[in-house]
4 protein chains.
Amino acid sequence: MNENPRETRDRDEPAAPRRRTEQVRDAVLGAAGELMLEGGLAAATMEAIAARAGVSKRTLYKYWPSRGAVALEGFMRNAASSWALPDGGSAVEALTVLVASAARLFAGTSAGPLMRSLIADAQSQDEIATAIREQWLRPRRAVAADLIRRGVAEGEFRPDIDVEITLDLLFAPVYYRLLLGHEPMTDAFADAAVAHLVTGLRP
Amino acid sequence: MNENPRETRDRDEPAAPRRRTEQVRDAVLGAAGELMLEGGLAAATMEAIAARAGVSKRTLYKYWPSRGAVALEGFMRNAASSWALPDGGSAVEALTVLVASAARLFAGTSAGPLMRSLIADAQSQDEIATAIREQWLRPRRAVAADLIRRGVAEGEFRPDIDVEITLDLLFAPVYYRLLLGHEPMTDAFADAAVAHLVTGLRP
Amino acid sequence: MNENPRETRDRDEPAAPRRRTEQVRDAVLGAAGELMLEGGLAAATMEAIAARAGVSKRTLYKYWPSRGAVALEGFMRNAASSWALPDGGSAVEALTVLVASAARLFAGTSAGPLMRSLIADAQSQDEIATAIREQWLRPRRAVAADLIRRGVAEGEFRPDIDVEITLDLLFAPVYYRLLLGHEPMTDAFADAAVAHLVTGLRP
Amino acid sequence: MNENPRETRDRDEPAAPRRRTEQVRDAVLGAAGELMLEGGLAAATMEAIAARAGVSKRTLYKYWPSRGAVALEGFMRNAASSWALPDGGSAVEALTVLVASAARLFAGTSAGPLMRSLIADAQSQDEIATAIREQWLRPRRAVAADLIRRGVAEGEFRPDIDVEITLDLLFAPVYYRLLLGHEPMTDAFADAAVAHLVTGLRP
DNA sequence: GTGTAATCGAGACGGTACGTCTCGTCTTCTG
DNA sequence: CAGAAGACGAGACGTACCGTCTCGATTACAC
């Protein structure tokens, strides 16, 4: 009973609601990113986003409960492509790539401002904080934790290291520079940070 | 010159200008801290601070240009007592104390929320960002940098380490946990983090 | 079964539009009346009418351009039955019946609220104002004017009266009480008002 | 002149708060009147009034809970001067002046639109309806009722007339024409209406 | 019956205005 | 005259309803 010309998706398409919805989401997320780049994070008010995206505020609030939620989805969309971790190579190499790709992501056009906005809002809105932890931090930390454990198992790392603390040591510098801005965010910085950490400070 | 620059009026000033200034500052900073502890950072509006402190908004804006400035001074006052770094001992010990005292400060009653508010506001207000860097980060990083350089000179650390990056690696984990909140902020965490960093991950 | 006078299209009409039309109109007008009785005039939004009537807003706007238009038709439907003016009797009697029937109509369940909504909307929408005047006021005033002129011709009324002003004097009290609500709308009021007017105030 | 320039009211002025308050009220009421004259009643939104008056919406809502409240006060201010009823003369003359002055008021620049807006809003907001009745209708009806009773006592009117109904008959035509707009509002109309009513229709 | 063409429900959408909130400036009055 | 009180302009917030629109499901008639 699929002779119906209006509906052709046969086997793998989920449901394809995407009427105008997807266009709206794109316009909103694009507008939010632009505004943050242009006028700082403070310029990305819900009102300005709606105006820039040519979208009504009502529609905005239908999909996202707050500015932070817009930033979260915008960031996620930007970040989606940054999941290239090399399957081959040593644990150290893989971790270096992981941290460097985060640094590169934040240094890129919109993801940096979006994440800064996100973490700023997370300080006063618990839902945002939880969302960042659950949707962004946890999966990446899980991947890195596996790499660390693999490194331990293969003798690449010392067996007595604390995985959680090592994760913090790995990723923290990137967020530290992102949020405090005392030094620029570069790939070289990420590489050197991981190298220092792996080697330690002792002679 | 006057040994006490704050108070010069000797005989004829009608009603003591310096009068309540200090009380006002105390009341405001206390109120700001309380509000942040009670209702989250979002509760500490300038209006609420003024009301709680029994101070007019006019007076508030006379001394502090923004909410971030109040938080900055409040934080500085809380942090003033946390400058106990032991002159004796090895560089590693001193750095451990330094990082652990930062962790303890943030875990204490108001300094944590104040710093979180501060960094959140710094994302959209450059003056706040600059103030944090100049008044808070720089002096502490300078002290730590001296310790690191001393450790290198005395052979405690490898001679080829990058001081700036090492500073980031040292302090970043504390801010990372403060702002992301994925794990609690404890002294043990600070100690372990420095220990891991110093020793490195390799066997 | 095509004796139905509402549907005569013989050869070229495309596809029988009349289908549910009449049911829709009934449902909408009924819903509008109910909503006005229940939640005051403010409750009868186009959205609420559509929801209550189980009709889409699209359909609503197909038949009526505005809330006022719905109210107008609803009122007209309610008012259709109130055109019983006695052919026999004196002019005074006939006018009394005419005014009293208006009062009774407005005192009935939905016609009062509908007319109040209508006149309220007429203050800011000219089409509504015009529609009330043309479709409601004018025919009734024409009938009453005939009665007045007949009364003059037959010596029942003074020959020097101004017909337009007399019409205003006759009908105004009913609308005045309907809209200002300072006193209840009763048949006795209508009767007494006409009686006072006819007799005058002088002894 | 006065040793205290800030305070001159000596014995009978109530309290004179009038800081900037009075300027704000004037600006708002003026803007509301203008907007109603220019763009019809629908143009006088709270937002437009605030913008036109150079007043923030916050201030607007501090003094008036709704658009109707603004209209009420604007109307009252316009109407304040229209209370010239001649103490001398017959009851008929006084009533004629009273009704004619109402007609003249409504025909003047802003009072007409303001009252139309007011009565329109009264249809869906009870507070407005009550306010009109208490603050506008009742006092004027009371004055007119006294005149009617005086006329009865002095033999100018028939002793068996119903005062309430007579009040309705007197004032209703003015509101009827104001709200339905089927004929213009003129002094001559008001005079003729009272004359017809007093004399009656019978020969 | 089956196809064709319309109507209809549902509701997404861009807008406008609502009424509330905080900010940062400014004015008034009191101690 | 410093400071508490708070009025004020500005403008973002989140919500409601408007009137337009697109989508599928339903339905009536033609074939």
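Reckoned from all heavy atoms, side chains included, excluding hydrogens, waters and symmetry mates. Convention: sequence-line order gives letters A, B, ...; per-chain numbering from 1.
Using a 4.0 Å heavy-atom cutoff across all strands shown, C:R58 reaches at least one base atom of the nucleic acid.
For D:K62 and F:dG9, the NZ to C1' distance is 11 Å, given to the nearest whole Å. The CD atom of B:E127 sits 10 Å away from the P atom of E:dG24 (whole-angstrom rounding). Residue D:R67 contributes atom CZ, which lies 11 Å from atom C1' of E:dA17 at whole-angstrom precision. The CG atom of D:L35 sits 11 Å away from the P atom of E:dA17 (whole-angstrom rounding). With rounding to whole Å, D:W64 atom CH2 is found 17 Å from E:dC18 atom C1'. Regarding B:I49, its CD1 atom lies at a distance of 12 Å from the P atom of E:dT22, rounded to whole Å. To the nearest angstrom, C1' of E:dT16 lies 16 Å from CG of A:L60. The separation between D:Y63 atom OH and F:dG6 atom C1' is 10 Å, rounded to whole Å.
For F:dA4, the OP1/OP2 oxygens have a side-chain nitrogen or oxygen of B:T59 closer than 4.0 Å. Taking only side-chain nitrogens and oxygens, B:T45 comes nearer than 4.0 Å to OP1 or OP2 of E:dC23. Taking only side-chain nitrogens and oxygens, C:Y61 never comes nearer than 4.0 Å to OP1 or OP2 of E:dG9.
C:K57 contributes a side-chain N or O that forms a donor-acceptor pair with the base of F:dG19 under 3.5 Å.
In this structure, A:S66 OG and A:Q125 CD are separated by 5.0 Å, a value rounded to the nearest 0.5 Å. With values rounded to the nearest 0.5 angstrom, B:E34 atom CD is found 9.0 Å from B:S110 atom OG. One finds the CD1 atom of C:I132 at 4.0 Å from the CG atom of C:L118 (value rounded to the nearest 0.5 Å).
With the nearest nucleotide of DNA chain E identified for both B:P65 and C:S56, C:S56 has the one nearer the 5' end. Nearer the 5' end of DNA chain F, as judged by each residue's closest nucleotide, is the contact made by A:A44, out of C:Q125 and A:A44.
Distance from the side chain of C:E47 is smallest to F:dG19 among F:dG19, E:dA17, E:dG9. Distances were taken from every side-chain heavy atom of C:M46 (C-beta onward) to each of F:dG11, E:dG24, F:dG19; the shortest belongs to F:dG19.
Smallest separation of non-hydrogen atoms from A:V70 and A:A32: CG1-CB, 3.8 Å.
The pair A:R67-A:E47 fails the salt-bridge criterion, with no side-chain N (NZ, NE, NH1 or NH2) lying under 4.0 Å from an Asp/Glu carboxylate O.
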